[in-house]
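Structure record follows, encoded as structure tokens.
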Amino acid sequence: MRLRVKELEEQHLAFRNSLICAFNQLLDLKDISTGVHSTRLAEWAIRVARKLNIPEDRIYQVEVAALLHDVGKIGVPDAILKKQGPLTSEERAAINRHPEYSWSILRLFPGLEEASLYALHHHENFDGTGYPAGLKGHDIPIVSRIVSVIDAYDAMVSNRCYRKGLSHGEAIHRLLESTETQFDAEVVRTFIPIAEQEAADVFAAAGTSTSAVL
Ligand SMILES: [Fe+2]
């Protein structure tokens with residue numbers, strides 16, 4: 001009997017992991033995030049979370065939140081998502097709904113309720129000016145604060161079709177400049193040595209010359 005329960009638990013976990021991979025692939029197909037990008041984000045998030053003493057039994061939720069926080073972008077029309085140049089206020093509002101869409105998708109999976117809340121709050125700002133809830137400081141879940149910093153760094157250093165990525169140094173400078181307004185200073189301080197260690201890999205993946213690193 002105990003063996004059967006264990007077998008069912010393993011099947012359930014394997015099924016859930018396949019679903020997560022499938023969603024990740026969907027994001028890749030929609031060009032919302034690429035496989036390398038999201039795996040990297042998840043690794044960084046886990047390392048920051050461990051350094052901030054987030055208990056091991058919550059690390060899985062950190063990984064899922066880092067991988068799938070933007071899954072709700074599937075609900076935003078491509079014409080808006082990929083628009084180059086300034087957005088109208090309606091277009092901006094449509095994009096800003098993606099954390100709620102992410103939440104509404106992830107919460108449907110038994111066992112991912114916690115990760116769905118982290119996804120919901122990944123665009124909150126430390127000073128309360130973010131969305132969707134305008135949460136402030138430590139009212140924002142710590143995992144959402146981690147995803148916010150890592151995602152911003154990754155977006156800054158990645159090349160986009162319409163602009164070249166920033167250097168590692170410039171990206172770190174901008175993170176530090178926005179601590180206490182957009183980002184949690186403790187999370188930024190924890191992330192910097194990790195980013196520094198991995199900058200060479202990041203820039204190789206982002207398609208930037210490694211000589212531009214640091
Ligand atoms: Fe997002």
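Order of appearance sets the numbers: ligands from 1, and atoms from 1 within every ligand. All of these numbers come straight from a predicted model, not from anything done at the bench. Just so it is clear, the values below take in all heavy atoms, side chains as well, and ignore hydrogens, waters and symmetry mates.
- For an aromatic pair to be called close, the ring centres must be under 6.0 Å apart, and F23 with F109 satisfies this.
- Side chains of H12 and E9: no donor on one and acceptor on the other come within 3.5 Å.
- For the Fe ion (ligand 1), protein N, O or S atoms under 2.8 Å: 4 in total.
- Side-chain rings of H98 and H122 approach one another, their centers coming within less than 6.0 Å.
- Using a cutoff of 4.0 Å between basic side-chain nitrogens and carboxylate oxygens, D127 and K136 are not scored as salt-bridged.
- Of the candidates Q61, R107, R58, R58 is the only one forming a side-chain hydrogen bond (donor to acceptor under 3.5 Å, both in side chains) with E114.
- Annotation: ring pair (Phe, Tyr, Trp, His ring centres under 6.0 Å) contacts of Y101 (sequence neighbours excluded): none.
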